[in-house]
Structures are given as structure tokens and as C-alpha cells.
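Below: the structure, in C-alpha cells.
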Amino acid sequence: MIKVEGLTKRYARATAVDNISFEVDKGQIVGFLGPNGAGKTTTMRMLTCFMPPSGGRAEVAGFDVVKSPMEVKKRIGYLPETPPLYPEMEVGEYLDFVGKLKGVPSADLAKRIQEVSERCAVADVRNKLISKLSKGYKQRVGLAQAIIHNPDVLILDEPTSGLDPKQIMETRDLIRSLAGDHTIILSTHILTEVEQTCETAIIIAKGKVMATDSVAALKNRRAGGSAVLVEVEAVSEGQVREKLERVSGVSRVVHKPSGTHGIVTFEVEGLSGKNIRPEIARAVVESGWSLNELRPLGMSLEEVFLQLTSGTKAAEHEAATAAPAVGDEEKESE
Amino acid sequence: MRGAWTICQKELHSYFASPVAYAVMALYALIFGFFFYSATAFFVEASMQSQMMGRSFPMNVNEMIIRPVLMNTSVIGLFLIPMITMRLFAEEKRSGTIELLITSPVTDLAIIVGKWLAAVLLYTAVILVAALSVIFLFAWGQPDVKPVLIGFFGLLLQGAALLAIGAFISTTTKNQIIAGTAGFVVSLLLWVIEWISQFDTSTTGKVISYLSVVTHLEPFTKGVVDLKDVVFFVSLIFLGLFLSARSLESLRWRA
Ligand SMILES: Nc1ncnc2c1ncn2[C@@H]1O[C@H](COP(=O)(O)OP(=O)(O)OP(=O)(O)O)[C@@H](O)[C@H]1O
Ligand SMILES: [Mg+2]
């Protein structure tokens with residue numbers, strides 16, 4: 001449904017998208033995962049014919065974005081990073097306007113508006129001014145405008161950014177429910193978002209595709225070999241550390257100040273591909289301490305980047321320099 | 001051109017949803033009314049004086065009232081037109097809604113024509129509201145209808161041209177205030193360059209004053225439609241719309 005070959009975008013100063021290629025099949029949901037400035041928005045803008053590429057080709061539903069932009073535009077629904085809303089319009093008026101703009105036949109328009117506003121749960125605010133809506137509702141109206149003409153392809157740029165956890169869940173459910181009828185590309189810098197909504201992840205950083213992987217594989221990677229948080233009721237930090245370091249498969253033990261007397265916390269990293277939790281639990285209990293918490297920390301986006309790209313030294317370095325900011329942000333939002 | 005009318009309706013909707021349309025109308029009607037009142041008062045006084053002195057030269061309502069009022073009100077246009085055009089594109093660029101328009105299956109030209117048409121319709125409404133006061137003239141005087149209509153037609157044509165230029169200026173910035181100010185400066189410039197003909201009668205002076213909107217508006221206020229004036233305004237409209245199209249296209253390369 002979407003075919004991208006060697007797509008490149010150069011700005012006056014920098015190359016934002018550098019020779020990326022990927023394909024998306026009909027009905028798939030693909031996550032575009034990358035840190036800030038990776039080139040996600042730029043790629044989406046080229047796919048939606050907002051701006052022409054500097055090089056390479058992109059095809060949407062069999063039409064080239066440069067040669068037949070009109071055909072592409074008819075088949076794409078696009079939710080930009082900031083929903084393109086007119087605050088002085090009512091929700092219903094706005095959807096009516098977008099429907100006409102997208103070429104929905106006027107005989108079907110009322111029905112379509114009804115359908116999408118029910119689907120995106122904005123039916124109850126049809127007569128409200130957009131300027132009066134909450135952020136979550138605005139985002140949903142943004143989604144409703146993207147699907148009003150029942151497009152083959154949906155392109156969603158950070159559809160859950162700025163929403164509260166409940167709304168994030170609702171939006172993800174909504175997006176999942178849209179798959180099948182539509183081919184969807186969504187961008188995000190949150191790893192769990194891709195895991196929860198998408199089938200395939202395209203990981204990009206600094207304008208390059210780092211990896212294309214199924215989400216199942218991504219999850220495995222994230223679970224395996226990752227760090228564990230251990231909280232133990234014990235007096236001596238040194239003793240616990242010693243014990244933990246002796247557990248087989250443990251590669252590194254880092255003390256985390258807990259602030260409470262009698263409780264010590266460690267971050268324990270294991271060799272990759274090995275589940276060290278049972279061993280740790282046994283070691284702690286055998287020593288007579290009580291185990292308060294034993295929790296896999298999961299891999300940050302940074303670590304996933306490093307893993308996915310290990311082997312190619314240059315890429316590894318780039319991911320390492322590009323990722324820290326993302327790691328932080330991800331932890332915050334979870 | 002599919003979509004132009006949809007966009008035009010949406011623009012009119014936003015004009016009337018905000019105070020802009022009402023402010024523009026009220027301001028225009030007020031100033032027009034003032035000019036109209038002072039011209040009429042002067043006319044009445046002058047005709048009374050000439051009656052008292054026993055002279056009864058035929059005083060012409062069209063010449064004495066309509067023409068000066070039309071010329072004066074076209075000056076107000078200098079202020080009003082930038083107020084109408086400044087938000088056209090600047091606001092869409094600022095808020096990001098331009099992404100919706102450009103990624104919709106409509107041509108750039110349809111977007112531009114739709115927006116310009118909305119501006120022209122608003123301007124027409126503004127002029128019509130102002131023109132209501134002229135109806136009084138028909139109640140008590142006997143002005144010629146044709147020159148009045150021609151005069152208003154000229155005013156409209158001049159407005160449509162300046163609105164096209166203003167629309168172009170609005171495509172070049174995200175900032176409404178900048179768009180408004182630049183629009184005002186350009187309109188003013190197209191206005192005042194006519195003065196050059198008063199002290200420079202060389203060919204250069206003539207060419208420059210040819211570019212002035214005043215030079216081409218004046219015949220209309222006298223009730224004369226000259227093809228070359230119509231051509232001038234229509235070319236200005238095409239220039240403004242063409243530049244807007246170019247500007248939108250370059251926006252996509254840079255954006
Ligand atoms: N109009 C522009 N002119 C010049 N450079 C730009 C422009 N827009 C984006 N860039 C640069 O291109 C790179 C990619 O930007 P892009 O917005 O595509 O990233 P992104 O992946 O969407 O990031 P984010 O997660 O912050 O939205 C960045 O380095 C950015 O500075
Ligand atoms: Mg972005």
C-alpha cells in the first residue's frame with residue numbers, strides 16, 4: 001500500500017531524512033519510532049504531499065507522490081502533529097467543511113459525519129465550538145477529520161502526545177479499531193505505544209532507518225537480558241551486593257540509594273538473553289533477607305536502539321548520541 | 001477549482017465569527033457617513049447661497065457629492081483592506097491548518113481563489129452597507145444613477161485588486177500583524193505614487209503614476225468606464241493571485 005524507496009529530504013542546513021526505504025502492506029499498522037528530530041514528521045509530510053522529496057520515490061496506493069499528488073491526497077487521511085482545527089467552528093461544521101474539502105459526495109456527507117463522530121466519540125460535542133474543547137476531544141476531532149473520507153491510508157503524527165493516560169488508552173484503542181479497513185502509519189517516540197498498537201515497528205534516528213522489526217520481536221528483545229530492580233530488607237548494603245554479584249548470569253550491580261534505613265535497592269543487569277530473576281530471588285531468600293520487590297526494568301528505547309544496531313559501529317554510535325533525551329521522556333510518560 | 005467555494009464559505013464564516021467583519025463594516029459605514037454628511041452639508045449651503053444671490057447655476061449632485069465621497073472612501077480602503085487580508089494565510093500558517101488545506105485534494109489555486117473571493121465578498125458587503133446613505137440622495141435629489149453605479153463598481157474593482165495583493169502578502173508570513181502592516185504600506189504606496197505626476201511630468205513620472213490605483217479609480221468616479229483602467233485592475237488581481245500561488249508552492253519546499 002505504501003512503498004518508499006531511497007526517500008531523502010535535505011533542508012538548507014541539514015539532511016532531515018536520509019535515503020530511507022520501507023514498505024507497508026494493506027491493512028497493517030506500522031509504528032514510526034524515533035527520538036525528537038529523527039525525521040518522522042518530515043517523512044510523513046512527504047508521504048502526504050505536503051512537501052516534495054529532495055530525492056527518492058514514495059508511492060501511496062499505487063500513486064507516486066510527486067507525479068500524481070491529487071490521487072494520493074484523495075486516498076490519505078492525515079493527522080498532523082498539531083491537529084489542524086479552526087477554533088471558531090463548531091465540531092459539526094468543521095467535519096462538514098473537511099468532508100467537502102476531501103470530496104465526500106454531498107449525498108453521503110451527513111451520514112459520514114454521523115459515522116466518524118460516533119466512531120471517534122465526538123458525537124456529544126457536535127454543536128460545541130472547537131475552541132471550547134479539551135485537548136483530548138480536540139485530538140479526537142483531529143482523528144475524525146482524518147477518516148471522514150474513508151481513506152485507504154491513515155497517517156498519524158504523534159496521535160497521543162499531550163494526552164492523559166486514560167485518553168492515551170482510548171486513543172490507542174480507537175487507532176487499533178481502525179486498522180484492517182485502513183493502512184496506518186503512526187509516529188511516536190514511546191516504545192510501549194508501538195508495542196500496544198502496532199504490528200511492525202520502523203525505528204528511525206537521525207533520518208535513517210535503524211531497523212524494521214515485528215513488534216513481537218521487539219518485545220522479546222525488550223524482555224530478555226534487561227535490567228532488574230531488586231529491593232531487599234537488609235541492614236548491610238555490602239553484604240547484599242556481594243551476594244547479588246555472585247548470582248550466576250549477573251553482569252553488573254548498581255546501588256540505588258533508597259532513603260529508608262534497612263532497605264537497600266539495586267539495579268541488577270544480567271547477561272543478554274538470560275532471565276536472572278529466579279536466581280536472584282533464591283539467593284536473597286536463602287540469605288534470610290526478605291525480598292520487597294523484584295521487577296524487570298525493561299529496556300529503554302536507547303537500549304533497544306543499541307541492540308538493534310549492534311554490529312554496525314557507526315549506527316551504534318549515532319543511536320547512542322541520539323537517544324538519551326528519549327529515554328528520559330519515555331520513563332516520564334509511562 | 002473544486003473546493004474554492006467550500007473554502008470561500010469557510011472564510012466568510014470565520015470573518016463573521018470574529019469581530020473583524022463587524023468592525024470593518026462599522027468603521028467603514030461611519031467614515032463614509034461622515035464624508036457623505038459633510039459633502040452634502042456643503043452642497044446644501046452652497047446651493048442656498050447661490051439662490052440667495054439670485055444666481056441659479058445648475059449645481060450637479062453627482063459632481064459635488066458622489067465623486068468626492070467616493071474618492072475619500074477609497075482612502076479608507078487603504079486601512080480596511082489590510083484588515084481583511086492579513087489573516088487569510090498568515091493565520092493558517094501559524095496554527096498549522098495550512099497542512100490540512102495543502103494535503104487535501106484541491107489545487108493551490110482553488111485555495112487562493114476561495115480565500116480571495118471571500119475577501120472580495122466581505123468588501124462588497126462593507127461597501128453596500130456604506131452605500132445605504134447614498135439612498136437619501138435619491139429621496140431628495142435627482143442624481144444620475146448610472147455614474148453612481150459606475151463609481152461603486154470602480155471602488156469594488158480597486159478593492160478586489162488590493163485584496164489580491166494583500167492575500168499574497170499574507171502568504172509570506174506567519175504573523176498577522178506583519179501581514180497587515182506590510183499590506184497597508186503597499187496599498188499606501190500604490191496610492192501615493194500618483195502624486196509624482198504633479199511635479200514630475202517626464203515619461204518616468206507618467207509611468208510611475210500609471211501604476212497608481214488613484215489614476216485608474218478617478219475616471220470611474222466621474223462615471224467613465226475606460227477599458228485601460230479595467231485592464232489595469234484585472235491585471236493587478238491576476239498578479240496578486242499568481243504571486244500567492246508561487247508563494248504557497250515555495251512554502252512547501254521550505255516548510
Ligand atoms: N522547515 C525546516 N527547515 C529546516 N530544518 C528542519 C525543518 N523542519 C525540520 N527540520 C529538521 O529536520 C530534522 C527532522 O525533523 P522532524 O520534525 O521530521 O523530526 P521528528 O522525528 O518529527 O521529531 P519530533 O519527535 O520532535 O516531532 C530535525 O533536525 C529538524 O531540525
Ligand atoms: Mg515530529
Side-chain angles (χ1 to χ4, degrees), chain A residues 9-12 16 41-42 44-54 60 63 65-66 68-90 93-94 96-104 106 109 129-131 142 145-146 148-149 151 153 155 157, chain B residues 1-23 86-115 117-118 122 171 174 176 245-255:
Chain A
K9 180 73 192 181
R10 280 182 288 272
Y11 288 116
T41 301
T42 308
M44 292 184 151
R45 284 180 163 176
M46 289 189 281
L47 286 177
T48 53
C49 310
F50 180 69
M51 50 165 73
S54 325
V60 175
F63 293 97
V65 294
V66 176
S68 26
M70 271 308 157
E71 297 306 315
V72 172
K73 287 175 187 180
K74 274 182 207 160
R75 290 166 178 79
I76 277 193
Y78 177 38
L79 175 63
E81 227 162 341
T82 35
L85 305 174
Y86 295 100
E88 73 274 8
M89 280 184 167
E90 285 171 12
E93 289 171 342
Y94 173 73
D96 184 73
F97 166 67
V98 179
K100 283 181 188 153
L101 204 60
K102 302 282 180 185
V104 178
S106 47
L109 191 53
L129 277 182
I130 290 178
S131 59
Q145 73 64 41
I148 187 102
H149 54 307
V153 175
I155 297 206
D157 200 350
Chain B
M1 266 314 116
R2 199 189 65 76
W5 181 237
T6 305
I7 288 171
C8 175
Q9 283 174 307
K10 178 225 124 203
E11 285 310 316
L12 285 175
H13 177 278
S14 351
Y15 276 131
F16 285 95
S18 74
V20 174
Y22 304 102
M86 63 185 192
R87 50 168 289 287
L88 276 185
F89 289 92
E91 180 58 18
E92 306 247 10
K93 283 173 76 173
R94 192 196 55 76
S95 72
T97 44
I98 192 82
E99 282 197 65
L100 169 65
L101 296 186
I102 290 188
T103 58
S104 291
V106 292
T107 58
D108 285 3
L109 197 63
I111 298 173
I112 293 162
V113 168
K115 281 173 170 280
L117 196 63
L122 175 63
T171 61
K174 280 184 185 174
Q176 285 197 46
R246 279 281 97 110
S247 171
L248 264 201
E249 204 174 297
S250 82
L251 163 83
R252 312 164 89 155
W253 287 93
R254 285 180 285 112

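Note on naming: letters A, B, ... go to the chains in the order of the sequence lines (proteins, then strands), and numbering restarts at 1 for each one.
Residues C49(A) and I102(B) come closest through the heavy atom pair O-CG2, 4.3 Å. When all heavy atoms of P84(A) and G96(B) are compared, the closest pair comes out as CB-O, 4.1 Å. Of all heavy-atom pairs spanning L101(B) and F97(A), the tightest one is CD2-CZ, 4.1 Å. Of all non-hydrogen atoms in M70(A) and T107(B), the two that sit nearest each other are CE-N, 3.5 Å.
Interatomic distance, CD of E93(A) versus NZ of K10(B), reported as 12.5 Å (0.5 Å rounding). Annotation: the span from H149(A) atom NE2 to S104(B) atom OG amounts to 7.5 Å, rounded to 0.5 Å. To the nearest 0.5 Å, atom CD of residue E99(B) and atom CE of residue M51(A) are 8.0 Å apart.
Your options are L101(A), T48(A), V72(A), T42(A), and the one with the most heavy-atom pairs under 4.5 Å with chain B is L101(A). With chain B as the partner, the residue from G77(A), G103(A), A146(A) showing the most heavy-atom pairs under 4.5 Å is G103(A).
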Could you go through L85(A) and T97(B), starting from their C-alpha distance and side-chain angles, then the distance that decides it, and tell me whether this counts as side-chain contact (heavy atoms from CB on, under 4.5 Å)?
CA-CA 6 Å; L85(A) 305 174; T97(B) 44; 5.6 Å; no
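Residue contact with chain A, scored on non-hydrogen atoms closer than 4.5 Å, is absent for E91(B). Within the 4.5 angstrom heavy-atom criterion, only side-chain atoms of Q145(A), from C-beta onward, approach chain B.
T103(B) and K73(A) form no side-chain donor-acceptor contact under 3.5 Å, judged by distance and modelled atom types alone.
Of all residues in residues 11-19 of chain B, those placing a non-hydrogen atom less than 4.5 angstrom from a non-hydrogen atom of chain A are H13(B), S14(B), A17(B).
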